[in-house]
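These figures come from a predicted structure and were not determined experimentally. Letters A, B, ... are given to chains in the order of the sequence lines, protein chains preceding strands, and every chain is numbered from 1.
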2 protein chains.
Amino acid sequence: MTAPVRRGRPGHSLDSLLDVAVAVFIERGYEATSMDTLAERLGVTKSAIYHHVRSKVELLELALDRALDGLFAVLPAADERPAIDRLEAVVRGSVGVLVAELPFVTLLLRVRGNSPVEAHALARRREFDRVVTDLVRDCVAEGSVRPDVDPALTSRLLFGTVNSLTEWYRPGGGLGAQALADGLVTTLFAGLRAP
Amino acid sequence: MTAPVRRGRPGHSLDSLLDVAVAVFIERGYEATSMDTLAERLGVTKSAIYHHVRSKVELLELALDRALDGLFAVLPAADERPAIDRLEAVVRGSVGVLVAELPFVTLLLRVRGNSPVEAHALARRREFDRVVTDLVRDCVAEGSVRPDVDPALTSRLLFGTVNSLTEWYRPGGGLGAQALADGLVTTLFAGLRAP
DNA sequence: AGGATTACTGACCGTTCGGTCAGTCATGCA
DNA sequence: TGCATGACTGACCGAACGGTCAGTAATCCT
């Protein structure tokens, strides 16, 4: 880790600003958060924020891109491994990203498509979901996942559960990312695998 | 069903207003929805809304109470049945309420506690979660649920999955409430039960 | 016909919102 | 010492917000 050689008057960087902004967006909701509220939490005036960023929605865009980039990095290239192994890897990887980038992913999962920025994020989420659903379908085809429950339902329940982690998981609460992923995979994949 | 004997000038009732309001709140978010937008969707002016309701937040309160009343009605009295059967009944009942009152429950699950009304709804949700967590603990105690995964984690995964239904389930899409509950219980309880 | 009932309009108000701009302030480097 | 660099201030703007109020419109009941 090289020390970030900062010149000029000390203050917030774009990164530190983004961390605080995302925290407040989650706490109060993006729309319900005013730039003045944000400024107060940062200990600066509203104008200072516009020194780092062009608009309120650009803050949101930076946050959503960070979450999405993390999630897409988890998708495996189609290789020779059984689909069920690749599926488990995606689930474990997603849990990892979710824990590592918790605030950003949390924000992503709350986006409703109001602005073009939000609509674009929703589109990328749908793309991610599609890849996972295809993977579950591959599992059923190779016989590793029970066929008596609809694959589309299975994949939605699967990632519905993973995504619901943002509603309650807090790091440093005694439950590590590894134990979390283990518990989740144990519970879910037992009911998933073909008898 | 008795015909609702309406007198006076025809127009929206509180119920029909609430249905539209909740739909728009879900679509755009509560905070992002202005009373003027709402009025436009209803085909009336903003003032007309205030004939039925005292404030914007009262619309939210009516919607949240409806969802919460439905959920609490599902909790069983402590009886002689095994805890695992009561747990399954709660899960199936919750899925039923979620399907029957989908927009209202969806809205409830997105509340963040900004206003006193939202804070009160959050408190009632926590109360519901507490009862369910206790029920899962009873299951572990009676030996019907595997003890190697933490009960708190189990109950959170369980209701995380149920609640995630609001993110994608749409009635009339070929998947009925019964089939939905069956698929969910099959998938989840298989991984839950003690070996 | 006429009153009771219910739903609604249109103009308006004070406040808050996201955003702008010209200028100031504190630091590292030469 | 002084200058480039980067962070920040304070006053301000037009638009949109939630909400108010006095009056009007359409229906049912007697």
Side-chain angles (χ1 to χ4, degrees), chain A residues 2-22 24-25 27-64 107 111-112 114-119, chain B residues 2-22 24-25 27-64 107 111-112 114-119:
Chain A
T2 55
V5 184
R6 301 274 302 271
R7 295 172 56 183
R9 181 179 176 177
H12 287 96
S13 64
L14 179 56
D15 272 341
S16 68
L17 186 158
L18 195 56
D19 284 342
V20 175
V22 169
V24 182
F25 286 164
E27 208 178 292
R28 331 233 319 188
Y30 171 73
E31 309 273 1
T33 303
S34 75
M35 294 300 267
D36 274 314
T37 306
L38 209 48
E40 200 178 338
R41 282 284 280 268
L42 287 158
V44 295
T45 62
K46 183 172 59 168
S47 317
I49 301 176
Y50 287 95
H51 172 68
H52 297 277
V53 96
R54 263 191 298 270
S55 65
K56 187 185 176 186
V57 84
E58 186 178 325
L59 277 173
L60 184 62
E61 188 170 27
L62 289 168
L64 297 181
L107 197 58
V111 153
R112 296 302 151 198
N114 276 337
S115 58
V117 164
E118 299 186 29
Chain B
T2 55
V5 184
R6 300 276 301 273
R7 295 173 54 185
R9 181 178 175 176
H12 287 95
S13 65
L14 178 56
D15 272 340
S16 68
L17 186 158
L18 195 57
D19 284 342
V20 174
V22 169
V24 182
F25 286 164
E27 208 177 293
R28 333 233 316 188
Y30 171 73
E31 309 273 359
T33 303
S34 74
M35 294 301 267
D36 274 315
T37 306
L38 208 49
E40 202 178 337
R41 283 284 279 269
L42 286 158
V44 296
T45 61
K46 183 171 59 166
S47 316
I49 301 176
Y50 287 95
H51 171 69
H52 296 278
V53 94
R54 263 190 296 270
S55 65
K56 187 184 177 186
V57 86
E58 186 177 324
L59 277 173
L60 184 62
E61 188 170 26
L62 290 167
L64 297 181
L107 197 59
V111 152
R112 295 303 151 196
N114 276 337
S115 58
V117 164
E118 299 186 27

| Under a 4.0 Å heavy-atom cut-off, which of residues 30-44 of chain B touch DNA chain C? | B:Val44
| task | Begin from the C-alpha positions of A:Val53 and A:Leu17 and carry the test side-chain contact (heavy atoms from CB on, under 4.5 Å) through to its verdict. | result | CA-CA 10 Å; A:Val53 96; A:Leu17 186 158; 5.5 Å; no
| ring-ring contact (aromatic ring centres under 6.0 Å, His included) against B:Phe25, all qualifying residues, sequence neighbours excluded | B:Tyr30
| task | Please say whether more than 12 non-hydrogen atoms of neighbouring residues, nucleotides or ligands are located less than 6.0 Å from CD in A:Glu40. | result | no
| Does B:Lys46 reach the main-chain N or O of B:Ser34 with its side chain, forming a donor-acceptor pair under 3.5 Å? | no
| How long is the line joining CG of A:Asp15 and P of D:dG6, in whole Å? | 16 Å
| field | Candidate nucleotides D:dG10, C:dT9, C:dG18, ranked by approach to the side chain of B:Ala48 - the nearest | value | C:dT9
| Where B:Ala63 and B:Val22 come nearest, the two heavy atoms and their spacing | CB-CG2, 3.6 Å
| request: Check whether any side-chain heavy atom of A:Leu107 sits under 4.5 Å from a side-chain heavy atom of A:Leu60, and report yes or no. | output: yes
| Counting only non-hydrogen atoms, which of residues 49-59 of chain A are less than 4.0 Å from DNA chain D? | A:His51, A:His52
| Nearest to the side chain of A:Lys46, which nucleotide is it out of C:dG19, D:dG19, D:dC21? | C:dG19
| note | Taken to the nearest whole Å, CG/B:Leu14 to P/C:dT6 is 13 Å
| field | Derivation and outcome, side-chain contact (heavy atoms from CB on, under 4.5 Å), residues B:Asn114 and B:Glu31 | value | CA-CA 10 Å; B:Asn114 276 337; B:Glu31 309 273 359; 3.1 Å; yes
| query | Any side-chain N or O of A:His12 less than 4.0 Å from the OP1 or OP2 oxygen of D:dC8? | reply | yes
| Rounded to the nearest 0.5 Å, how far does CE of B:Met35 lie from CG of B:Leu59? | 5.5 Å
